[in-house]
**Student:** 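Below is one structure. I have some questions about it.
Here is how names work: the chains are called A, B, and so on, in the same order as the sequence lines, proteins then strands, and each is numbered from 1.
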Amino acid sequence: MSNNKFYIQLPMDFSYSECLKFLCRSDLECLFSVENEQIYFPLEVEKSIFLIRLFYRPQRLWIEILKGDDLTDFGKREIKTYILDWLDIKRDLTDFNKMAKKDKLLKPLAKRYNGLRLIGIPNFLEAISWAIIGQQINLTFAYTLKKRLVENYGKVVVHEERKFYLFPKAKVIAQLTEADLRPMQFSRSKIKYLTGVAQAIVDGKISKSQLSKMPYEDAKVELIKLKGIGGWSADYVLMKCMRCLDAFPISDVGLHNAIKFQLGQKDKPTIEEIEKMALPWKGWKSYVIFYFWHSLIKK
DNA sequence: TACCAGGATGTTG
DNA sequence: CAACATCATGGT
């Protein structure tokens, strides 16, 4: 059983504690859990489900398989790939930090959160669904809705009397009705958007691999064709799932508030003002907004 | 109590 | 084409 524990070598400027802080931002998170600075989450690889624990030792992120079939070398590689993507471990932040240092607004954030990675959502359907769920409601309520969806329609893994959930499959969400989701307090429009997107994925009309071959602008156009996906949601998915470094949901109210606080102003900035201040951020706009979001986390 | 939430869509003027 | 209503409900 020596095959159930392996590790990823971490770059110097990786801050496990800042990443953990982001992962801990809601007590209602249901797709992973953080305890004693360890991250627990289930992952489906090659049709079998593994329960994984991550923990940190200097310059190493250890991966331990707590539950699941025997791991092949292929499966092991898949799990590593997933984690590298999720925590954006391979990203070289040298240029980002260099740019941030010269930027009045960013400098304190980049210093305070040095080594923070843009925590992603590798699962395409989950990323889109989370964008839809988060539209126009406060984050606490959004987490509550996601939890209800996941706990009712996602696969569950039980380990030491604790339940761990996977995000529901597109095939399952595509079949849901108002009778299923209205009692969980999803709005009629969110239900339509969620099932519609899931159906589009089932039908092969859109996929992560297809989008990944397109330039940012084209991928954004494709996403916006989906009912319920506007500019904000498209950019959200492009930054959290497709890893486009210049995806920038500029209309985001969280961003507006974060900039307001950072500038110590009474009013939120206008879109035009943000566009102007974002000029030097080119190449790293998704990282910039992520750092601003991070600054909103209440201790 | 009113107003704001990590928006998007359909309608109206 | 810009302004407005609507969605649904929790948080403050």
**Student:** Would you say that more than 12 heavy atoms from the other residues, nucleotides or ligands in this model lie under 6.0 Å from the CG of A/D95, or not?
**Tutor:**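 More than 12 within 6.0 Å, yes.
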**Student:** Base, sugar-phosphate alone, or nothing: which one does A/I289 contact when heavy atoms must sit under 4.0 Å apart?
**Tutor:**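 If one applies the 4.0 Å heavy-atom cut-off, A/I289 turns out to touch nothing in the nucleic acid.
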**Student:** With a 6.0 Å cut-off on ring centres, are A/W86 and A/F32 close enough?
**Tutor:**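 That pair passes the under 6.0 Å test.
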**Student:** Quickly work out the A/K190 NZ to B/dA8 P distance and round it to whole Å.
**Tutor:**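 It works out to 10 Å between those atoms.
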**Student:** A quick test of your reading: do over 12 heavy atoms of other residues, nucleotides or ligands sit less than 6.0 Å from NZ of A/K260?
**Tutor:**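 Correct, the count exceeds 12.
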**Student:** At 4.0 Å (heavy atoms only), tell me whether A/L296 reaches a base, stays on the sugar-phosphate, or touches nothing.
**Tutor:**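 Result for A/L296 = nothing.
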**Student:** Carefully, step by step, assess A/K276 and A/E273 under the rule salt bridge (Lys or Arg N to Asp or Glu O under 4.0 Å).
**Tutor:** CA-CA 5 Å; A/K276 204 168 290 174; A/E273 289 170 325; over 6 Å; no
**Student:** Could you give the CG-to-P distance, from A/L223 to B/dT9, as a whole number of Å?
**Tutor:**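 These atoms are roughly 12 Å apart.
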**Student:** In this structure, how many angstroms lie between the P atom of B/dG7 and the CG atom of A/L226, rounded?
**Tutor:**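 Rounded to whole Å, this separation is 19 Å.
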**Student:** In whole Å, I'd like the distance from the CG atom of A/L181 to the P atom of C/dT9.
**Tutor:**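 Distance check: A/L181 CG to C/dT9 P gives 13 Å.
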**Student:** What integer number of Å spans the C1' atoms of B/dA5 and C/dA2?
**Tutor:**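 24 Å, rounded to whole Å.
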**Student:** In whole Å, what is the span from the CD1 atom of A/I229 to the C1' atom of B/dG7?
**Tutor:**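 In whole Å, B/dG7 C1' and A/I229 CD1 are 10 Å from each other.
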**Student:** A/K192 NZ to C/dT6 C1': how many Å, rounded?
**Tutor:**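 So the NZ-C1' distance, A/K192 to C/dT6, works out to 11 Å.
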**Student:** Using a side-chain heavy atom cutoff under 4.5 Å and only I, L, V, M, F, W and Y, what cluster partners does A/W62 have?
**Tutor:**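 The other cluster members (ILVMFWY side chains, heavy atoms under 4.5 Å, direct or chained) are A/Y7, A/F55.
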**Student:** I'd like to know whether A/D13 forms a salt bridge (Lys or Arg N to Asp or Glu O under 4.0 Å) with A/R117, so could you lay out the CA-CA distance, the side-chain angles of the two residues, the decisive distance to 0.1 Å, and finally the verdict.
**Tutor:** CA-CA 9 Å; A/D13 59 351; A/R117 303 298 166 133; 2.9 Å; yes
**Student:** Does A/K227 reach a base, just sugar-phosphate, or nothing at all? Heavy atoms under 4.0 Å.
**Tutor:**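 Touches sugar-phosphate only.
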**Student:** In residues 273-283 of chain A, what residues come within less than 4.0 Å of DNA chain B, judged by heavy atoms?
**Tutor:**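 Output list: empty, so none.
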**Student:** Between atom NZ in A/K220 and atom P in B/dG7, what is the gap in whole Å?
**Tutor:**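 In whole Å, B/dG7 P lies 14 Å from A/K220 NZ.
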**Student:** Contacts to DNA chain C from residues 242-266 of chain A, heavy-atom cutoff under 4.0 Å, which residues?
**Tutor:**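 Nothing qualifies; none.
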**Student:** Taking the six-membered ring of A/F6 as reference, does the cationic atom of A/K80 (NZ for Lys, CZ for Arg) lie under 6.0 Å from its centre and within 45° of its axis?
**Tutor:**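 Judged by the rule, A/K80 and A/F6 form no cation-pi pair.
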**Student:** Taking ring-ring contact (aromatic ring centres under 6.0 Å, His included) as the test, write out the residues that go with A/Y165, two or more places apart.
**Tutor:**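 Not a single residue meets the ring-ring contact (aromatic ring centres under 6.0 Å, His included) criterion with A/Y165.
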**Student:** Quick check on contacts: within residues 135-147 of chain A, what sits under 4.0 Å from DNA chain C by heavy-atom distance?
**Tutor:**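 Heavy-atom cutoff 4.0 Å gives A/Q136, A/I137, A/N138, A/T140, A/F141.
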**Student:** Using the closest heavy atom to pick a nucleotide of DNA chain B for each, name whichever of A/Y193 or A/M239 lands nearer the 5' end.
**Tutor:**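 Its nearest nucleotide being more 5', the pick is A/M239.
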**Student:** Any chance the side chains of A/Y287 and A/N97 put a donor and an acceptor closer than 3.5 Å?
**Tutor:**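 There is no such pair (donor and acceptor under 3.5 Å, judged by atom type) between the side chains of A/Y287 and A/N97.
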**Student:** Rounded to the nearest 0.5 Å, how far does CD1 of A/I8 lie from NZ of A/K90?
**Tutor:**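 Here the rounded value is 8.5 Å.
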**Student:** For the CE atom of A/M242 and the CE atom of A/M214, what is their distance to the nearest 0.5 Å?
**Tutor:**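 Nearest 0.5 Å value for the CE-CE distance: 9.0 Å.
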**Student:** Apply side chain to side chain donor-acceptor pair (under 3.5 Å) to A/D73 and list each qualifying residue two or more places apart in sequence or on a separate chain.
**Tutor:**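 For A/D73, no residue satisfies side chain to side chain donor-acceptor pair (under 3.5 Å) once neighbours in sequence are set aside.
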**Student:** Any side-chain N or O of A/K268 under 4.0 Å from OP1/OP2 of B/dA5?
**Tutor:**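 It does, given that an N or O in the side chain of A/K268 lies less than 4.0 Å from OP1 or OP2 of B/dA5.
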**Student:** Write down the distance between CG (A/D267) and C1' (B/dC3), rounded to a whole number of angstrom.
**Tutor:**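 Distance check: A/D267 CG to B/dC3 C1' gives 16 Å.
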